[in-house]
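These values consider heavy atoms only, across backbone and side chains, with no hydrogens, waters or symmetry-generated copies. Letters A, B, ... are given to chains in the order of the sequence lines, protein chains preceding strands, and every chain is numbered from 1.
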Protein chains: 2
Amino acid sequence: MDNPRRDIHNSEIPVVCRSCEARHGGVCGAMNAQQLAELSKYTTRKKLASGAELQGQGEKIAAYANILKGVVKLTKMLADGRQQIVGLQFAPDFLGRPFSTESSLTAEAATESEICSMPKAVLDRLVAGSPELEHRLHNQALAELDEARDWMLTLGRKTAQEKVASFLYMIATHFDPENLDETSFDLPLSRADIADFLGLTIETVSRQMTKLRGDGVIQVENNRHVTVPDMDRLAEVAGMDV
Amino acid sequence: MDNPRRDIHNSEIPVVCRSCEARHGGVCGAMNAQQLAELSKYTTRKKLASGAELQGQGEKIAAYANILKGVVKLTKMLADGRQQIVGLQFAPDFLGRPFSTESSLTAEAATESEICSMPKAVLDRLVAGSPELEHRLHNQALAELDEARDWMLTLGRKTAQEKVASFLYMIATHFDPENLDETSFDLPLSRADIADFLGLTIETVSRQMTKLRGDGVIQVENNRHVTVPDMDRLAEVAGMDV
DNA sequence: TGCGTGAATTGATTGAGATCAAAGTTCGGC
DNA sequence: GCCGAACTTTGATCTCAATCAATTCACGCA
């Protein structure tokens, strides 16, 4: 966001979406009070169980959503069932593909989640009348593109060990961007999901986790809780590009 | 582009960038005469030899460009030299990452190319004052994101055979989107570049090309010229998702 | 507290693609 | 038209991750 004219809309205006009661969540952060009031008339708040499908590959797109809580995975599937996770979205991301009528991917809750759902037509209308809103969406699309391209390097050129370390590094920095020292967190994905994210099998993910544990790069409790004593060490194993 | 208000700017207004003399090329397609006149004061047309670097990974971003002719590859590299192509841009795409000051990737001409280069600051200023322009860039970003995610499925889950077939299919449809029958074209990438695009080695790409030739899926002349007798057949081998 | 089920780990073996090595092609420059 | 360098193909072998196959573990529930 290099443009000062736009940045006033990202500063601390105390706006709240009536439905989600979230401040500056997802797309709402770029809205004024009037736009929020209009949007609020149509939004619905939903709790999602882990695994709940929000949008199917090939289906019509009827709604967008703000993610209030939890993690949503975006997946693509081949005819024979092979699957790849092509994106992870965390609260308070905006979820949806503007300017398209049909979804090219499946969106599914990876953890228990909460979303604020809004009809596509309503937001499309607001976006059409608000350059600030489109700017916000544009910025998110660019950020997602950067992430996707980073991940392409991981998928195409890293070893299994580096892939798993890269995944852990990504999750750790997402939940705790500042901390370059010891960090600990709950994995939002099962081993099967991690495998689908990394283009590996469950067994290989498991073996690499075991190896990282044996090498002292991570500690693991109850399968899901991970502690990283030294982020630099993890980054090194992940083969982070200089 | 679902929004009719915006679409008037994508219709046939006879605007031409003075420097590149291209009609509706890249970002110019969403500009009015005044904006074009302003931009034209600062644009420079450049011929690029194959392999010429436009932007380095980690460098400051000083310029954007419209691609007038040729193909530009976007690559990322690991510290030890492993490389991955994370995007291919064809004329008349716009080249550049708005709202960022440092490049996370290298942009390099894959073939002999021509570009219309413009200083970052000039276009940023125009974009700040023109929602239509931002809309155009937003749409391109979303299209690139869709492509990147398609490619992640290929990188993570397809076999070498399917990867090479997918690549050929992508190139064929790019140069000739309508034709679902026989098509022929020159490959814009060397075997080494194809390998970097697919996360494979040169040798594996070569072997798979040989196999596709043997199976009658493609014909190859002079290494670079490919004929596809039956696009459906190629799509099938590529394991295109249903 | 034990039971059952799905998730994760561990082990043995296989196989697709990488690596190492050596021709064979293509094409620009003289 | 010939030469040389870069690109491409082909061959032999190796290796990392996939596959096949048991266990083991975690956790909700009776």
Side-chain angles (χ1 to χ4, degrees), chain A residues 49-51 73 78 80-84 110-112 154-168 186-215 218-226 237-239, chain B residues 49-51 73 78 80-84 110-112 154-168 186-215 218-226 237-239:
Chain A
S50 172
K73 59 181 177 178
L78 292 170
D80 62 4
R82 281 175 290 174
Q83 204 173 20
Q84 176 69 42
T111 64
E112 276 202 359
T154 300
L155 285 172
R157 291 301 184 195
K158 288 191 184 175
T159 64
Q161 175 88 184
E162 291 168 332
K163 284 181 176 181
V164 172
S166 298
F167 171 74
L168 295 172
D186 281 325
L187 287 175
L189 299 187
S190 67
R191 297 292 185 274
D193 280 343
I194 297 173
D196 280 347
F197 195 67
L198 295 170
L200 298 171
T201 59
I202 295 176
E203 295 94 324
T204 297
V205 171
S206 178
R207 273 184 251 272
Q208 297 304 333
M209 294 280 287
T210 303
K211 178 142 199 307
L212 289 173
R213 194 147 41 79
D215 294 349
I218 57 170
Q219 287 133 38
V220 182
E221 289 160 74
N222 299 338
N223 290 336
R224 285 289 184 122
H225 193 79
V226 174
V237 178
Chain B
S50 173
K73 59 182 177 178
L78 293 170
D80 62 4
R82 280 175 290 173
Q83 204 173 22
Q84 177 69 42
T111 64
E112 276 203 359
T154 300
L155 284 173
R157 290 302 185 196
K158 288 191 183 174
T159 64
Q161 176 87 184
E162 291 169 333
K163 284 181 177 181
V164 172
S166 297
F167 171 74
L168 294 172
D186 280 326
L187 287 175
L189 300 186
S190 68
R191 297 292 185 274
D193 281 342
I194 297 173
D196 280 347
F197 195 67
L198 295 170
L200 299 171
T201 59
I202 295 178
E203 293 94 326
T204 297
V205 171
S206 178
R207 275 184 249 272
Q208 296 305 333
M209 294 280 287
T210 303
K211 177 144 197 310
L212 289 173
R213 196 148 37 83
D215 293 349
I218 57 170
Q219 288 134 36
V220 182
E221 288 159 75
N222 298 339
N223 291 334
R224 284 290 184 119
H225 193 80
V226 174
V237 177

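Residue B:K73 is tested with B:T111, B:D196, B:D193 for a side chain to side chain donor-acceptor pair (under 3.5 Å); the sole match is B:D193.
Backbone-only contact: A:T210 has heavy atoms under 4.0 Å from sugar-phosphate atoms and none from a base.
Separating the CD atom of A:E112 from the P atom of D:dG28 is a distance of 11 Å, rounded to the nearest angstrom. Look at CZ on A:R157: it is 13 Å from P on C:dG17, rounded to the nearest Å. For B:R224 and C:dC27, the CZ to C1' distance is 12 Å, given to the nearest whole Å. Taking atom CE on A:M209 and atom P on D:dA26, their separation rounds to 13 Å, with Å as the unit. As rounded to whole Å, 15 Å separates atom C1' of D:dA22 from atom CD1 of A:I202. Atom pair B:Q208:CD and C:dA18:P shows a separation of 10 Å (rounding to whole Å applied). Here the C1' atom of nucleotide C:dC27 and the CD atom of B:E221 are 16 Å apart, to the nearest Å. Remark: P of D:dC16 and CZ of A:R207 are 14 Å apart, rounded to the nearest angstrom.
In this structure, A:K163 contributes its side chain and A:T154 its backbone to no donor-acceptor pair below 3.5 Å.
For the pair A:D215 and A:Q161, the tightest heavy-atom approach, listed with the atom from each and the gap, is OD2-OE1, 4.4 Å.
Between A:E203 and A:T159, the residue anchored nearer the 5' end of DNA chain D, judged by the nucleotide with its closest heavy atom, is A:T159. A residue-by-residue look at A:N223 and A:L200 shows that A:L200 has its nearest nucleotide of DNA chain D further toward the 5' end.
Side-chain proximity of A:T201 to D:dT19, C:dA18, D:dA17: nearest is D:dT19.
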